[in-house]
Amino acid sequence: MRARTKARKRALDILFEAEARGADPLEVLKERQGTDDAPPVSDYAAQLVEGVTERRERIDQLLTEHAEGWSVARMPAVDRTLLRIGLYELLWMDEIDDPVAITEAVELAKTLSTDDSPRFVNGVLGRISDIAEHLRPGLHGS
């Protein structure tokens, strides 16, 4: 598994755990960074956790607008977390190409979620990717 793929998986683990525990993702991140009992947290994984946490309200708003027929709360937890990471990479990580962000989220959905999840994740991120160039100018700095 490539380094960024591992980082995405680690960010998913931390964000998922925080949501399941009702904890602050940044606190869970600090806990994981401060222990030798868990896999290491790369700088990229930490950046993803911090970015998703900082922009979660806007990310969830976009997911609600573009996940046709699905509220964020109704999404399977793994899918919701993968979509948040993928959307963060699509709109706020300039060094990540859109197809890479989408493919990585879909691949993680294949191994970690339901049979329908890869298609769902691909569809939502694909719809947002189609309009990403119009969204990005108003997002940076927010």
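Here the structure is a predicted model, which is why all the values come from computation and not from measurement.
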Ignoring hydrogens and angles, write down the donor-acceptor pairs under 3.5 Å from the side chains of residues 113-123, residues two or more places apart or on other chains.
| unit_1 | atom_1 | unit_2 | atom_2 | d |
| --- | --- | --- | --- | --- |
| Ser113 | OG | Asp79 | OD1 | 2.6 |
| Ser113 | OG | Ser117 | OG | 2.9 |
| Thr114 | OG1 | Asp116 | N | 3.4 |
| Thr114 | OG1 | Ser117 | N | 3.2 |
| Thr114 | OG1 | Ser117 | OG | 2.6 |
| Asp116 | OD1 | Arg119 | NH2 | 3.3 |
| Ser117 | OG | Asp79 | OD1 | 2.9 |
| Ser117 | OG | Asp79 | OD2 | 2.8 |
| Ser117 | OG | Thr114 | N | 3.2 |

| query | Do you know the tightest heavy-atom contact between Ala45 and Ala7? | reply | CB-O, 3.4 Å

| note | Distance col, row Leu63:CG vs Leu87:CG, nearest 0.5 angstrom, shows 5.5 Å

| To the nearest 0.5 Å, how far apart are CG in Leu125 and CG in Leu82? | 9.0 Å

| said: For a quick test of reading the model, state the closest non-hydrogen atom pair linking Ala67 to Met75 and the distance between them. | reply: CB-CE, 3.4 Å

| field | Distance (rounded to the nearest 0.5 Å) between Gln33 CD and Ile14 CD1 | value | 7.0 Å

| request: Quick one: pull up CG in Leu112 and NZ in Lys9 and give me the separation to the nearest 0.5 Å. | output: 5.5 Å

| message | Test of understanding: with side chain to side chain contact (heavy atoms under 4.5 Å, CB included), list the residues that count as partners of Asp97, not counting sequence neighbours. | response | Pro99, Val100

| Does the side chain of Thr81 reach to within under 4.5 Å of the side chain of Val78, using non-hydrogen atoms? | no

| task | Determine the minimum heavy-atom distance between Asp98 and Ser129, stating which atoms define it. | result | OD2-OG, 3.4 Å

| Pairing residues for Thr103 by the side chain to side chain contact (heavy atoms under 4.5 Å, CB included) criterion, not counting sequence neighbours | Glu107

| With sequence neighbours left out, what residues match Arg10 under side-chain hydrogen bond (donor to acceptor under 3.5 Å, both in side chains)? | none

| How many angstroms lie between NE2 in His66 and CG in Asp130, if you round to the nearest 0.5 Å? | 10.0 Å

| field | Heavy-atom side-chain proximity of Glu50 to Glu54 below 4.5 angstrom | value | no

| note | Heavy atoms of Asp24 and Ala18 approach each other most closely as C-CB, 4.2 Å

| Got a salt bridge between Arg84 and Glu19, using NZ or NE/NH1/NH2 to carboxylate O under 4.0 Å? | yes

| Are any of the side-chain nitrogens in Arg4 or Glu89 under 4.0 Å away from the carboxylate oxygens of its partner? | no

| Considering all heavy atoms of both residues, which atom of Pro25 and which atom of Thr53 are nearest to each other, and what is their separation? | CB-OG1, 3.3 Å

| field | Backbone of Phe16 reached by a side-chain donor or acceptor of Arg80 within 3.5 Å | value | no

| note | Residues Arg136 and Leu90: closest non-hydrogen pair is NH2-O, 2.7 Å

| message | Can you list everything that forms a ring pair (Phe, Tyr, Trp, His ring centres under 6.0 Å) with Tyr44? Sequence neighbours excluded, please. | response | none

| task | Give me the one residue out of Leu29, Val28, Leu48, Val49 that meets side-chain contact (heavy atoms from CB on, under 4.5 Å) with Leu15. | result | Val49

| message | If you apply the rule side-chain contact (heavy atoms from CB on, under 4.5 Å), what do you find for Ile96 with Tyr88, and how did you get there? | response | CA-CA 10 Å; Ile96 304 296; Tyr88 176 73; over 6 Å; no

| Which residues share a side chain to side chain contact (heavy atoms under 4.5 Å, CB included) with Glu65, sequence neighbours left out | Arg58, Gln61, Leu62

| field | Backbone of Val52 reached by a side-chain donor or acceptor of Arg56 within 3.5 Å | value | no

